[in-house]
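Here the structure is laid out as structure tokens; the discussion comes afterwards.
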Amino acid sequence: MVVDGINYQSIWVDEEDPTVVRVIDQLRLPFFFEIKKLSSVDDIYNAIRNMTVRGAPLIGAAGAFGVYLAALDSVRYKDPLPRIENAALYLISCRPTAVNLAWAVNYTLDSLGGKGESLPEKALKSALEICEIEKENCLRIGNYGLALIKSASKKKNGAAVNILTHCNAGWLACIDYGTALSSVYFAHDAGIPVHVWVDETRPRNQGARLTAWELENASVPYTLITDNAGGHLMQHGMVDLVIVGCDRATRSGDVANKIGTYLKALAANDNKIPFYSAFPSSSFDFEISNGIREIPVEERDPEEVTTVSGISGGEMTSVRICPENSTAANFGFDVTPAKYITGLITERGICRPLEKDIKEMFSDKFI
Ligand code: MRU
């Protein structure tokens with residue numbers, strides 16, 4: 001995606017020093033656009049954990065680069081592989097819900113076997129390959145989603161299609177393009193009028209801070225709303241389509257996404273508004289079928305709930321929003337059961353959230 005005339009991905013390898021991974025620092029957006037250097041497994045772990053990088057496909061790619069940095073560090077030892085494997089486990093443990101992290105880390109770990117290139121060379125090749133796979137997936141997802149927006153636009157005789165989204169499933173969360181937002185960008189680029197309702201997405205405000213920034217950067221019309229506004233808008237015919245991302249989907253089509261997604265799905269269902277989840281197959285966990293029972297939901301520091309961060313006087317700052325002694329709970333994700341989902345937008349097409357349809361589309365990956 002182009003920012004200030006320069007084409008960026010959300011993660012890349014430094015051209016001059018290939019032992020350094022560079023990322024856009026999402027903790028500083030939308031106030032400051034800054035690039036951060038990550039040079040060790042710990043740097044990658046901390047960047048994922050504190051959400052310098054976040055979003056399911058991106059934390060997967062970051063984890064893969066973590067394996068690469070582990071390989072670089074381990075080659076000075078006699079038996080490097082066990083060290084790299086330990087680093088891989090450590091990386092996988094840092095955020096539990098998005099299955100993309102384990103998928104990408106294991107993909108890169110698996111690439112290390114056999115003869116030929118050195119371990120770092122193999123790991124780097126694999127991490128870069130993951131970036132290309134996910135970019136291509138997002139491109140395809142965007143084109144499938146574009147068809148949905150096109151048909152919604154036709155039904156409205158060309159009036160702007162109002163799309164509600166939650167959290168940030170744009171290019172920042174992926175390597176490029178986005179999952180939920182790629183179709184919005186493609187529609188906008190194709191001259192189809194679109195308008196996005198952006199849920200602020202407490203507690204970390206990925207909607208207010210990242211989705212709003214992305215859409216503004218791409219000149220896509222949007223309106224920021226509080227997390228509780230969506231139901232009201234739907235009751236008044238102000239939402240045509242809901243498109244969200246996904247952190248882990250089951251073989252039966254349940255979808256875990258940022259906390260609050262489920263409530264949007266309920267409201268969409270009550271108002272007969274199509275609700276789609278867009279994601280690459282790296283977000284599928286084909287081993288599980290009951291999302292509510294089987295998807296691990298990350299619990300984060302309650303301080304994210306008791307405080308809000310923003311900008312004041314040109315500096316980023318954090319303020320407390322509740323009594324000093326308030327206790328708080330911070331569940332990062334919720335699960336939307338398949339019955340509330342109209343369709344899953346994947347790189348292979350749009351399918352109904354039904355085990356038999358998913359199996360048909362992903363027969364080679366289905367266990
Ligand atoms: O906690 P986050 O910001 O990593 O959560 C991100 C989301 O829930 C996204 O919607 C999801 O990862 C899809 S990203 C294309």
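In listed order, ligands and their atoms are each counted from 1.
Each salt bridge (charged side-chain N to carboxylate O under 4.0 Å, His left out) pair with one or both residues in residues 218-232, not counting sequence neighbours, would appear here, but there are none.
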May I have a table of the N/O to N/O pairs between ligand 1 and the protein that fall below 3.5 Å, each row giving the two atom names and the distance to 0.1 Å?
| from | atom 1 | to | atom 2 | distance (Å) |
| --- | --- | --- | --- | --- |
| ligand 1 | 1 (O) | R95 | NH1 | 3.4 |
| ligand 1 | 1 (O) | R95 | NH2 | 2.8 |
| ligand 1 | 1 (O) | K258 | NZ | 2.7 |
| ligand 1 | 3 (O) | R54 | NE | 2.8 |
| ligand 1 | 3 (O) | R54 | NH2 | 3.2 |
| ligand 1 | 3 (O) | Q206 | NE2 | 2.8 |
| ligand 1 | 4 (O) | G55 | N | 3.0 |
| ligand 1 | 4 (O) | R95 | NH1 | 2.9 |
| ligand 1 | 8 (O) | D247 | OD1 | 2.8 |
| ligand 1 | 8 (O) | N257 | OD1 | 3.2 |
| ligand 1 | 8 (O) | K258 | N | 3.2 |
| ligand 1 | 10 (O) | N257 | OD1 | 2.7 |
| ligand 1 | 12 (O) | A56 | N | 2.9 |
| ligand 1 | 12 (O) | D247 | OD1 | 3.4 |
| ligand 1 | 12 (O) | D247 | OD2 | 2.8 |

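Distance alone, capped at 3.5 Å, is enough to place a donor-acceptor pair between the R54 side chain and the N168 backbone. The main-chain N or O of W171 is found under 3.5 Å from a side-chain atom of E214 such that the two form a donor-acceptor pair.
For T342, the side chain to side chain contact (heavy atoms under 4.5 Å, CB included) criterion is met by P274, F275, Y276, not counting sequence neighbours. For V20, the side chain to side chain contact (heavy atoms under 4.5 Å, CB included) partners at least two apart in sequence or on another chain are D14, D17, R22, K37, S39.
For an aromatic pair to be called close, the ring centres must be under 6.0 Å apart, and Y185 with Y177 fails this.
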